[in-house]
Protein chains: 2
Amino acid sequence: MATISDVAKLSGLSKTTVSRVINNHPYVSEKKRELVLKAMKELGYTPNPSARRLRGQLTTTLGVIVPRIVNPFFAHLINSIEQAAYKKGYQVLICQSYEDKQKELAFLDLLKTKQVDGIIMTSIENDWAVIESYNEYGPIMLCNDYVNQKEVPMIRLDQSKGAYTGANHLIERGHQKIAYCTGGLFDEEGKGKDRNQGFQRALSEAGIKIDPKWIFIDQHTIEDGKHVLRQILEMKDRPTAIFTGSDEVAGGIILEAKDHGLTIPNDLAVIGFDDQPIAEIVDPKLTTIRQPVDQMGEKSIETMIQMLENPEMEIKNYELPIELIVRQST
Amino acid sequence: MATISDVAKLSGLSKTTVSRVINNHPYVSEKKRELVLKAMKELGYTPNPSARRLRGQLTTTLGVIVPRIVNPFFAHLINSIEQAAYKKGYQVLICQSYEDKQKELAFLDLLKTKQVDGIIMTSIENDWAVIESYNEYGPIMLCNDYVNQKEVPMIRLDQSKGAYTGANHLIERGHQKIAYCTGGLFDEEGKGKDRNQGFQRALSEAGIKIDPKWIFIDQHTIEDGKHVLRQILEMKDRPTAIFTGSDEVAGGIILEAKDHGLTIPNDLAVIGFDDQPIAEIVDPKLTTIRQPVDQMGEKSIETMIQMLENPEMEIKNYELPIELIVRQST
DNA sequence: TTGTATGCGTTATCAT
DNA sequence: ATGATAACGCATACAA
């Protein structure tokens, strides 16, 4: 591997001058600049990022932590973040936490060791109190997931409003017996609590009581959705509509419902969340709540770069609009 | 950021001893080892990978180049590679080439600058002659995509056989008018040529002539599939079956066909490729050719690590079995 | 405008 | 069993 010294030697100049050329510094004569450029090309020289990082330079690399890329929502979110970052000259390091606290912390170490300039977390496993301790090494922000601390930079959606809108849509369609299916828990606190609140608010405003047996927690995949439907089938008193926290779960419910001879939305109305590609693939097509993934990526990068350029900047929180997409499943 | 010197100072020992503890070297007394461990914990010390890499160490990091992670096939392939790598103590750097030659080369520079120990390419944009020049910096292997050089380590599938099997399945179902839809070209050489060959062989063995107007090239997405179906609808002489190069395209075809009142498989039989989740989501469920993604990941990592441990090893090529999954669309 | 010398954090070599 | 020191490749303070 050719080093800066090799380039210096070949061009008959000093390492300093070569370094100046690499970094577009002024005070280099045009003649020598070309000499250096020529030598670099001849040797196929690439600056060694490790050495640069060690020297304390900016890495122009950002870390993005996601639970798992096989989840299409996160694949698209990463994609939009990466595209936006690329436009600004940043690389993106994709980190899969697999929802594991330890892994998440290991990725935060990237910041500590200057592998990345900043980290965008699309999901958060550890308490913020733990994450916060890494903040001294560089900016950390949340995109999609969030915590209840105002001083954390966040790009988030009004999940509560999204769930409220979705639930209301079901109520407007005349449903009273509404089941609820979440990827989190149905607690006051804890994962997915905003959606829970929005859902509860819509129902309570309509004077509908929530039936605990129609609450399904910790549901994520198509398989989970199928399982949920089978549970519903076994009930004497069945819901006429179901609100789900993801298009995948909603898709699973629809698939299994059809297999059991149910008609969607007549026998069971289903509403999803995310507006993933699957929403238009299932039959009937899925009514769902769209998350503006592209905007989220753009805004995250914009915010991150601002923080990098001006570390003393005041913390900003952005809330992006969420939208109900009515299709055929309701 | 705490450094090895800080740990040395706090524990009252030398950097060397600390380094020995970090790297599990022998010749360090139990007493001092514990002293070091305690100091490391107290300072929240993490070794700086940049310094290690600069020093010439193995990085225990592998690069994986994919066209784009929003393609579910690649998301799953990455996932399986990452899982296998993790078991062996390796990190994975995910690199999206977006099918761009320049980006691909930029990622290969990771090898040159010792950011990664080796690179697994799941797609290849540049000629192998170009890629090969990076080989001196570390092992490069292909997984999924391939080139016609024997001396390149590859984990591949018998795409020709897969296409042959799929086409034969359609023929056995009584079809004579079979369309073909590929993500590549329909050339002798060039992308997707193996599948082309397999398809052609099946048809020619059955004495069927291929109709050029039923050949669709460069088709990748659900939208592409919808477009293909619309083109078919405009034909006076329509095919009764279509072989596609991806489940997504097949899914698009089915969706659009239903929108236009066609019945699958009666009016048009459709066969996909990959056995992605979408194959079980569309209605009717998709007959497709399964690619053993998990095995591909496992085998890639196994091979890569062998090459890393024994650089003089002879080049190996593996061919994994490909399987026809018959569902309802044919 | 150009060059020399230093240090970033780590590990291997060579003492002791 | 432990420690001092050099070197990895680079960018900067300082000197010329």
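Below, all heavy atoms of this structure are taken into account, side chains as well, without hydrogens, waters or symmetry copies. Chain letters run A, B, ... following the sequence lines, proteins first, then strands; residues in each count from 1.
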note = Those residues at least two apart in sequence (or on a different chain) that pass side-chain hydrogen bond (donor to acceptor under 3.5 Å, both in side chains) with B:Glu34 are none
query = Which value, rounded to the nearest 0.5 Å, describes the distance between B:Met304 atom CE and B:Leu62 atom CG?
reply = 5.5 Å
Name every donor-acceptor pair, under 3.5 Å, that has one atom in a side chain of residues 119-128 of chain A and the other anywhere in the protein, sequence neighbours excluded.
{"unit_1": "A:Thr122", "atom_1": "OG1", "unit_2": "A:Ile65", "atom_2": "O", "d": "2.8"}
{"unit_1": "A:Asn126", "atom_1": "ND2", "unit_2": "A:Lys101", "atom_2": "O", "d": "3.1"}
{"unit_1": "A:Asn126", "atom_1": "ND2", "unit_2": "A:Glu104", "atom_2": "OE2", "d": "2.8"}

task = Could you pull out all residues at least two apart from A:Asp194 that satisfy side-chain hydrogen bond (donor to acceptor under 3.5 Å, both in side chains)?
result = A:Tyr146, A:Arg156
task = Give one of base, sugar-phosphate or nothing for A:Ser19, where a contact means two heavy atoms less than 4.0 Å apart.
result = base
query = Going by the side chain to side chain donor-acceptor pair (under 3.5 Å) test, which pairs reach into residues 65-81 of chain B, not counting sequence neighbours?
reply = A:Tyr98-B:Asn79
message = Considering only residues two or more places apart or on different chains, which pairs with a residue in residues 49-63 of chain B satisfy salt bridge (charged side-chain N to carboxylate O under 4.0 Å, His left out)?
response = none
inquiry  = Restricting to side-chain hydrogen bond (donor to acceptor under 3.5 Å, both in side chains), what partner residues turn up for A:Gln306, sequence neighbours left out?
reply    = A:Lys316
Side-chain donor-acceptor distances from residues 1-13 of chain A under 3.5 Å, at least two apart:
{"unit_1": "A:Thr3", "atom_1": "OG1", "unit_2": "A:Ser5", "atom_2": "N", "d": "3.1"}
{"unit_1": "A:Thr3", "atom_1": "OG1", "unit_2": "A:Asp6", "atom_2": "N", "d": "3.4"}
{"unit_1": "A:Asp6", "atom_1": "OD2", "unit_2": "A:Thr3", "atom_2": "N", "d": "2.8"}
{"unit_1": "A:Ser11", "atom_1": "OG", "unit_2": "A:Val7", "atom_2": "O", "d": "2.8"}
{"unit_1": "A:Ser11", "atom_1": "OG", "unit_2": "A:Ala8", "atom_2": "O", "d": "3.2"}

message = Under 4.0 Å, counting only non-hydrogen atoms across every strand here, what does B:Arg20 touch: a base, just sugar-phosphate, or nothing?
response = base
request  = Sequence neighbours left out, what passes side-chain hydrogen bond (donor to acceptor under 3.5 Å, both in side chains) with A:Thr221? Give chain and number order.
outcome  = A:Asp224
request  = Using a 4.0 Å heavy-atom cut-off across all strands, classify B:Pro26 as base, sugar-phosphate, or nothing.
outcome  = nothing
query = Less than 4.0 Å between a side-chain N and a carboxylate O, is that true for B:Glu82 and B:Lys87?
reply = no
Nucleotide N/O to protein N/O under 3.5 Å, stretch nucleotides 5-7 of chain C:
{"unit_1": "C:dG7", "atom_1": "N2", "unit_2": "A:Arg55", "atom_2": "NE", "d": "2.3"}

note = Under a 4.0 Å heavy-atom cutoff, the residues of residues 31-40 of chain A touching DNA chain C are A:Lys32
task = Go through residues 2-9 of chain B and report each residue with a non-hydrogen atom lying under 4.0 Å from DNA chain C, sorted by number.
result = B:Thr3, B:Ile4
note = At a 4.0 Å cut-off to heavy atoms of chain B, the contacted part of DNA chain D spans D:dA1 to D:dG9
task = Look at the side chain of A:Thr17 and decide which nucleotide, out of C:dT11, C:dT2, C:dG9, has an atom nearest to it.
result = C:dT2
